Number of protein chains: 2
Amino acid sequence: MRILFLNILIRVNHFAKEFVKRDIGTVKMSSKKTSITVADVARAAKVSKATAARVLGGYGVASEKTRNAVTEAAEKLGYRSNELARSMSTGRTGLIGVVVGDIENAFFSRAVRGISDAANAAGLNLIITNSNEDLEQEREMVAVLMRQRVAGMIVAPTDVRDTVHLEAAISSGTPVVTFDRVADHLVADSVCGDDAAAADQVMRHLHDLGHQNVAYVTAAGFQGGRLSDLDEIGITAVRNRIAAFLTASERAGIEDPMGLVFQNVIGEESAQDIVAAILAHEPAITAVLASDSLIGASLYKAFKERGVRFPSDLSFVSWFDADWTKVTAPQISVVDQPTYEFGQKAMQCLIGRINGDSSKIEHILIPTPMIARGSIGPRETCGD
Amino acid sequence: MRILFLNILIRVNHFAKEFVKRDIGTVKMSSKKTSITVADVARAAKVSKATAARVLGGYGVASEKTRNAVTEAAEKLGYRSNELARSMSTGRTGLIGVVVGDIENAFFSRAVRGISDAANAAGLNLIITNSNEDLEQEREMVAVLMRQRVAGMIVAPTDVRDTVHLEAAISSGTPVVTFDRVADHLVADSVCGDDAAAADQVMRHLHDLGHQNVAYVTAAGFQGGRLSDLDEIGITAVRNRIAAFLTASERAGIEDPMGLVFQNVIGEESAQDIVAAILAHEPAITAVLASDSLIGASLYKAFKERGVRFPSDLSFVSWFDADWTKVTAPQISVVDQPTYEFGQKAMQCLIGRINGDSSKIEHILIPTPMIARGSIGPRETCGD
DNA sequence: TTGTATGCGTTATCAA
DNA sequence: TTGATAACGCATACAA
């Protein structure tokens with residue numbers, strides 16, 4: 001990749017020359033894109049560079065007269081400030097780095113919209129990257145963002161047990177806000193849904209309806225195939241949900257609740273397998289929780305293909321209020337995660353830190369209430 | 001907004017001071033974040049700044065020995081290159097600007113994933129912005145990106161009739177690739193779906209099944225309420241589809257096909273209204289095309305609420321193969337727009353231009369075949 | 001209120 | 001192969 005990058009850089013120079021060839025008249029024998037600078041404006045307005053810079057940058061003072069002269073000259077010449085140079089001399093950029101698992105996932109893209117709107121309102125811009133929920137890629141992306149000297153970062157860390165790269169960023173002065181996940185010992189604010197409460201709410205609801213054997217299905221994979229220690233889960237959102245799920249299951253009299261946690265479900269195939277396992281489970285599983293909307297959709301389709309009816313055969317709940325959950329018949333009950341607000345909050349929080357807020361680290365927990373829809377029914381009607 | 005921004009900048013300084021206070025030891029009485037530079041590395045490696053820069057920047061030549069010395073020193077000090085400074089002196093950045101209508105829309109977020117993956121492979125980074133399909137915001141975003149000195153831009157222009165801001169960018173040396181929409185006279189490559197072909201394919205399919213009165217529903221609004229001239233549509237994707245729709249309808253003997261184009265459908269309410277209008281239409285409308293997946297979902301829900309059954313009462317086709325179209329019963333027929341590939345192609349194209357490719361402007365048309373699913377049925381079965 | 005001179009962290013040009 | 005030095009475009013301390 002390094003080689004490819006260099007190749008590009010070299011060929012960029014060819015382009016620059018090419019450009020000059022076409023744009024005759026305004027250019028000298030320079031090989032670089034030549035744009036209007038404060039110096040040009042200053043010359044045209046017959047003032048010093050410093051004066052021009054002051055009015056163009058909007059910081060110092062200037063008389064009405066010179067202000068107008070400079071503004072006019074800038075207008076005429078089509079001056080556009082160079083943020084690079086500005087950042088260079090001020091030491092700060094208006095860039096915010098964002099690292100999400102997958103921008104294509106509505107959970108994240110909606111959050112990014114929230115981040116984006118909040119950033120925009122503050123005059124900040126976003127560099128968005130995907131970690132692909134891969135630690136190595138996350139490290140690389142954080143490194144890239146640091147090199148770009150972002151003013152701060154919002155990250156959904158893939159594994160809260162390994163955040164040295166984030167620690168490095170923070171200790172070198174770049175504030176970080178984690179999103180959907182919280183890493184202990186990391187001096188970073190976090191914005192997460194109240195996953196434990198949501199899981200508990202869902203479980204209570206199901207238990208009240210008479211369900212006992214409830215399955216939890218997640219994309220996260222654990223070491224050794226079977227989960228022995230919750231700390232093996234690097235995504236705290238999932239960890240907290242499972243913890244609450246286990247507690248609730250035990251409360252309902254389940255002996256081995258861990259046996260009802262199905263993991264590593266990625267893609268349609270594994271969904272098929274898990275669905276088969278769930279349907280074959282003894283004693284019969286009468287309700288299923290899907291850990292996110294992608295898994296939810298896969299499971300739903302796989303269940304449907306096998307002729308399962310909701311909620312008479314099975315009650316079904318998915319995390320995230322995705323579009324697809326509202327067009328099924330019956331509609332799917334969901335845990336509503338307002339990720340747009342997650343994003344907004346995270347950005348506001350980060351702006352605070354960038355602005356110098358050095359108060360105690362805050363771990364913001366946002367309510368994610370269950371929306372009960374038709375996919376949930378009483379256990380009595382289940383056909384077993 | 002300007003004032004807010006300044007406020008932030010000022011307070012950032014406070015933060016810097018604050019930071020220095022905590023991180024005692026490595027810092028001097030400077031108020032700026034002080035990081036390791038080539039000069040520091042050079043000093044540690046006992047070579048000149050130029051030499052250190054050459055090996056760290058990977059451009060000049062250096063003996064094995066000094067190369068090792070510099071690399072080692074850099075490693076030890078934790079040197080991280082400053083891309084700002086690099087861009088400053090080279091005149092080029094590794095940043096690509098992206099302007100989409102709404103990152104939250106899967107059509108765009110999937111495309112952004114494609115753009116992102118392609119950019120990543122080339123060592124480029126993305127600044128992503130939303131135009132909100134608003135021309136004024138689009139102009140602002142383009143201005144922002146220009147100030148950041150992006151190496152190129154990928155834009156889904158809100159109105160192809162007003163692209164002076166894009167022209168300005170291009171003529172000042174920043175290559176632009178338009179996405180989903182093509183503006184005539186703009187010296188920019190474009191990547192679009194073959195909307196006309198898709199519309200034609202869908203219409204032929206429906207006509208073959210005996211449908212005659214087919215409705216087209218779009219979010220785009222036209223001046224004066226009723227569409228008199230196709231050029232009034234600023235989004236070419238929509239324009240081309242409607243053009244093909246009209247042609248096909250005429251071919252099928254429809255007298256006033258324009259009367260079957262329903263516009264300005266945004267949000268659930270207007271969807272309800274349009275659905276009412278469609279159901280009340282005389283002669284009866286037996287098939288509906290939704291211009292995108294958001295409208296599609298809104299229409300679907302509104303139809304369902306009114307007890308409409310697919311395909312016996314109505315045949316239904318939506319643009320974009322969204323998640324929701326695969327969980328309904330029956331599944332929804334769609335025009336499959338592989339926007340991930342759109343994005344990839346656009347990025348590859350842009351990289352070419354950045355690399356100096358000055359060949360003729362290319363308008364790439366990507367096939368968007370219909371995927372026929374259960375929501376389409378023969379007209380014979382329609383209850384009228 | 002305005003101007004002069006210097007610095008930010010790189011790359012790039014010449015000599016040596 | 002290396003080193004001294006001048007850009008790049010802006011901000012800023014200080015002088016006028």
Side-chain angles (χ1 to χ4, degrees), chain A residues 6 9-10 12-13 16 28-43 45-70 74 77 79-94 146-149, chain B residues 6 9-10 12-13 16 28-43 45-70 74 77 79-94 146-149:
Chain A
L6 288 177
L9 295 189
I10 290 161
V12 164
N13 256 345
K28 318 149 217 164
M29 281 298 292
S30 157
S31 70
K32 270 180 193 159
K33 267 197 264 186
T34 172
S35 57
I36 312 298
T37 72
V38 280
D40 299 321
V41 176
R43 207 171 305 122
K46 297 189 197 310
V47 296
S48 75
K49 235 170 55 172
T51 303
R54 272 189 285 257
V55 4
L56 292 175
Y59 52 96
V61 284
S63 72
E64 185 76 15
K65 207 179 106 193
T66 53
R67 184 176 302 279
N68 289 338
V70 171
L77 294 177
Y79 168 79
R80 294 181 162 281
S81 65
N82 184 330
E83 287 303 319
L84 260 59
R86 181 166 290 166
S87 299
M88 190 78 228
S89 59
T90 61
R92 29 190 159 71
T93 65
M146 289 302 290
R147 265 176 273 164
Q148 298 286 354
R149 296 301 194 264
Chain B
L6 288 177
L9 294 190
I10 291 161
V12 164
N13 257 345
K28 320 147 213 163
M29 281 299 291
S30 158
S31 72
K32 270 180 193 160
K33 268 197 264 186
T34 171
S35 56
I36 311 297
T37 71
V38 280
D40 299 321
V41 176
R43 209 171 303 122
K46 298 191 199 307
V47 296
S48 75
K49 227 173 61 172
T51 302
R54 271 188 287 257
V55 4
L56 292 174
Y59 52 97
V61 285
S63 71
E64 185 76 17
K65 209 180 105 193
T66 53
R67 184 177 302 278
N68 288 337
V70 171
L77 293 176
Y79 168 78
R80 297 181 161 279
S81 64
N82 185 329
E83 287 301 319
L84 259 60
R86 181 168 290 167
S87 299
M88 188 80 227
S89 63
T90 60
R92 34 191 156 70
T93 64
M146 289 302 289
R147 266 176 266 156
Q148 298 286 354
R149 296 298 194 263

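Labels below follow one simple rule: chain letters A, B, ... track the order of the sequence lines, proteins then strands, and each chain is numbered from 1. Note that this is a predicted model, so its numbers are computed, not measured.
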5'-most by nearest nucleotide on DNA chain C - Thr37(B) or Ala50(A):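 This one resolves to Ala50(A).
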Rounded (10°) bend between the five-pair end axes of the helix from dT1(C)-dA16(D) to dA16(C)-dT1(D):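 The helix from dT1(C)-dA16(D) to dA16(C)-dT1(D) shows an end-to-end axis angle of 40°.
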Between [X] and [N], is there a side-chain N or O to OP1/OP2 distance below 4.0 Å?
X: Ser63(A); N: dT2(C); result: yes
X: Ser48(B); N: dA4(D); result: no
X: Thr51(A); N: dG3(C); result: yes

Identify whether any heavy atom of [X] sits under 4.0 Å from a base atom; if not, whether one sits that close to sugar-phosphate; answer base, sugar-phosphate or nothing.
X: Ala53(B); answer: base
X: Ala62(B); answer: sugar-phosphate
X: Thr66(A); answer: sugar-phosphate

Interatomic spacing from [atom1] in [X] to [atom2] in [Y] - rounded to 0.5 Å:
X: Arg80(B); Y: Gln148(A); atom1: CZ; atom2: CD; answer: 12.5 Å
X: Ser87(B); Y: Glu83(A); atom1: OG; atom2: CD; answer: 13.0 Å
X: Asn82(A); Y: Arg147(B); atom1: CG; atom2: CZ; answer: 11.5 Å
X: Ser81(A); Y: Met146(B); atom1: OG; atom2: CE; answer: 11.0 Å

Specify the separation, in whole Å, of atom [atom1] of [X] and atom [atom2] of [N].
X: Asn82(B); N: dT10(C); atom1: CG; atom2: P; result: 5 Å
X: Tyr59(B); N: dA12(C); atom1: OH; atom2: P; result: 6 Å
X: Leu84(B); N: dG9(C); atom1: CG; atom2: P; result: 11 Å
X: Arg86(A); N: dG9(C); atom1: CZ; atom2: P; result: 18 Å
X: Glu64(B); N: dT2(D); atom1: CD; atom2: C1'; result: 16 Å
X: Arg92(A); N: dA11(D); atom1: CZ; atom2: P; result: 10 Å
X: Gln148(A); N: dT10(C); atom1: CD; atom2: P; result: 13 Å
X: Glu83(B); N: dT10(C); atom1: CD; atom2: C1'; result: 10 Å

Partner residues of Thr51(B) under the side-chain hydrogen bond (donor to acceptor under 3.5 Å, both in side chains) criterion, sequence neighbours left out: Ser48(B)
Main-chain N/O of Arg149(B) paired to Thr93(B) side chain as donor or acceptor, under 3.5 Å: yes
Listed nucleotide nearest any side-chain atom of Ser89(A), set dT2(C), dA4(D), dC8(C):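 Of the options given, the side chain of Ser89(A) lies nearest dC8(C).
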Shortest side-chain distance from Met88(B), nucleotide among dT1(C), dT13(C), dC8(D): dC8(D)
Check: Arg54(A) side chain, dG3(C) base, donor-acceptor under 3.5 Å: yes
Side-chain-base donor-acceptor pair under 3.5 Å for Arg80(B) and dG9(C): no
Residue whose closest nucleotide on DNA chain D lies nearer the 5' end, Lys46(B) versus Lys49(B):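 The residue mapped nearer the 5' terminus is Lys46(B).
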5' precedence on DNA chain D between Arg67(B) and Ala85(B) (nearest-nucleotide basis): Arg67(B)
For Asp40(A), all residues meeting side-chain contact (heavy atoms from CB on, under 4.5 Å), sequence neighbours excluded: Ile36(A), Thr37(A), Arg43(A), Leu77(A)
Criterion side-chain contact (heavy atoms from CB on, under 4.5 Å) on Val55(A) and Thr66(A), from CA distance to verdict: CA-CA 9 Å; Val55(A) 4; Thr66(A) 53; 5.7 Å; no
